[in-house]
> 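Below is one structure. I have some questions about it.
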Amino acid sequence: MVSAEARPLAQTGGLADVLSALPDALARRGHAVRRFLPAYGFIDRSGFERETEEPAVPLGPAHVPAGFLSRREPGGVVTTLVENAELFGRASIYGPPGGEYPDNARRFTFLARAVCEWAKRQARRPDILHVHDWHAALVPLLVRLGRAGEPSPRTVLTIHNLGYQGEFPARELDWLFLSEAERRQVFHVDGIEFYGGINFLKAGIVYSDALTTVSPTYAREILTPEFGCRLDGLLRWQTGKLRGILNGADYTRWDPSSDATLLHPYGPETLARKADSARALRERLHLPASDRPIMGVVSRLAHQKGIDVLTNSVERLLEEGADLAVLGSGEQAIVDHLEWLRHRHPDRIGITIGYDESLSHLVIAGSDLLLIPSRYEPCGLTQMYAMRYGTLPVVTRTGGLADTVRDSPDPSHATGFFLDDLSPGSLVATVRRALALRWVDPSAWRRRQRNAMAEDFSWDLAASRYSELYAQLL
Ligand code: ADP
Ligand code: GLC
């Protein structure tokens, strides 16, 4: 597998969770899995062993050294860091907060080229190169051009988010250092070319042998102009090789009865103890002690996540009688709006800006509702985590949210709450409906919590689907 993120080494979002849990689940099924990741400057190298060979990889007109540092993880998966100090020895994954490094096309061309070079040199070549998102999406193109050796590995591209495609001016294609004939072979409207420039994800879609995305609903949505981010036409054309495989939730990390970050573990039979986490959360976020319910948010602060809809309804949400606890990082305009709101309501709103894994567990454990008003959501993991903690998700009915949450008047069935549409009015109305249930019909509320906690989004199921796909390709 090839990806820009894998927890715990490098993480900005759910991609990193997937690259930790899915390889483990595949290894449990007997696959030999190696996971390639750039050797970012902030990654602790302890336990990694450097391969003696350091091939020079063509990158544009120059040859650039690629180091490979490997470590076998407890579950058997091997992590291999692809090292080049100039390109990856930096403080961030993609760029300074809120920005992009100007040489990202070059950096991620190198990643793909280096992995192919590594594969080519193996006595036992990988059967499958499974790549994730645009950062690794040049691998299938390079494999088609024979750069990973012959016979070529089969390739799978998983799209975790169609909103990020790796679009660059055409001159950035030069990093691939193609012959004239190869350039003609790939630089056209049915190849990597995109409106006169190039598009890494598009190349991955065209040249991979199979294409997956992270939920069945998102797999359908991206075929439409509304969700297709200008690639819906191409995806409709390639729909025969596209399937949606729902992500799982890693219950070794996300289970309130065994969660090492919680001072007060709890389970379905000891739900009353959830209040201890609420108290701890209030203290941590400097909110006064209170019995008021808590609406939690754990999110990248990006347009995708609909946080602007939330900020625009906060004052009305507070009138409904619940307090707000936010953990997030991302766009400065959203951060500023949140800080301004906290300034106005210091007793009702607690905010932590930044990436804090242990606090993310406390927000999810201590909240009554988790608000996820996403514009689109390829899968979404936090709603699955929240359900296991008896924290009911309030979500838009889109992508993986639609595939994992159930809302219905029948108390034996429901696990969360759907918004009618994405608008401040609808968010407020849904929170009102949820809180009314909690106050007026506590037993129906607890029923929903227990249903949610009993849901099982196991990675083993997802891994069996990927396994089937690999077997078909081979
Ligand atoms: P996305 O990948 O689009 O950001 P997901 O719901 O798939 O959304 O995954 C988000 C992951 O990142 C979850 O594991 C969530 O707990 C974590 N996360 C998001 N923001 C933060 C944060 N500020 N601090 C800690 N963890 C975070
Ligand atoms: C992306 C998506 C998110 C998904 C995650 C892992 O970041 O935005 O919905 O859960 O990838 O697949």
> So, taking the atom named CD1 in I205 and the one named CH2 in W237, what distance separates them when rounded to the nearest 0.5 Å?
11.0 Å
> Of R273, R279, K274, which meets side-chain hydrogen bond (donor to acceptor under 3.5 Å, both in side chains) against D276?
R279
> Quick one: salt bridge (charged side-chain N to carboxylate O under 4.0 Å, His left out) pairs with a partner in residues 126-144, sequence neighbours left out?
R124-D127, R144-D209
> Could you tell me which residues satisfy side-chain hydrogen bond (donor to acceptor under 3.5 Å, both in side chains) with K305, sequence neighbours excluded, listed by chain and number?
E377
> Under the ring pair (Phe, Tyr, Trp, His ring centres under 6.0 Å) rule, collect the residues that match up with F108, sequence neighbours excluded.
W134, H135
> Which residue pairs pass the salt bridge (charged side-chain N to carboxylate O under 4.0 Å, His left out) test when at least one of the two sits in residues 419-438, sequence neighbours left out?
E320-R432, D368-R438, D407-R433
> Does L285 reach the side chain of T352, with side-chain heavy atoms less than 4.5 Å apart?
yes
> Would you say CD of E283 has more than 12 non-hydrogen atoms from neighbouring residues, nucleotides or ligands within 6.0 angstrom?
no
> Cut-off 3.5 Å, side chains only: do Y94 and E5 have a donor facing an acceptor?
yes
> If you count heavy atoms of other groups shown closer than 6.0 angstrom to NE2 of H188, is the number above 12?
yes
> Consider only side-chain N and O atoms of R406 and T415, and report whether a donor and an acceptor are under 3.5 Å apart.
no
> What are the two closest heavy atoms between V82 and F88, and how far apart are they?
O-CD1, 3.5 Å
> Should I349 and D323 count as side-chain neighbours, where that means a heavy-atom distance under 4.5 Å?
no
> Answer yes or no: are there more than 12 heavy-atom neighbours, outside R397 itself, under 6.0 Å from its atom CZ?
no
> Could I get the full list of side-chain hydrogen bond (donor to acceptor under 3.5 Å, both in side chains) partners for Y470, not counting sequence neighbours?
H130
> Just wondering, are more than 12 heavy atoms of other shown residues or ligands nearer than 6.0 Å to NE2 in H286?
no
> Quick test of your reading: applying side-chain hydrogen bond (donor to acceptor under 3.5 Å, both in side chains), list the pairs with at least one residue in residues 219-231, sequence neighbours left out, ordered by first then second residue.
E167-R230, T217-R220, E221-T398
> Could you verify whether a donor N or O on one side chain and an acceptor N or O on the other, from D250 and T252, lie under 3.5 Å apart?
yes
> When rounded to the nearest 0.5 angstrom, what distance separates CG in L246 from SG in C379?
4.5 Å
> Between D255 and S257, is any side-chain donor less than 3.5 angstrom from a side-chain acceptor?
yes
> Give a yes-or-no answer on whether the side chains of R107 and N104 include a donor-acceptor pair shorter than 3.5 Å.
yes
> Should we count CZ of R236 as having more than 12 external heavy atoms under 6.0 Å?
yes
> When you check the gap from the basic side-chain N to the acidic O, do E319 and R316 get nearer than 4.0 Å?
no
> Check whether any side-chain heavy atom of L231 lies under 4.5 Å from a side-chain heavy atom of L162, and answer yes or no.
yes
> Please tell me whether D259 and Y389 have a donor and an acceptor in their side chains that are separated by less than 3.5 angstrom.
yes
> Is D441 paired with R446 through a side-chain N to carboxylate O contact shorter than 4.0 Å?
no
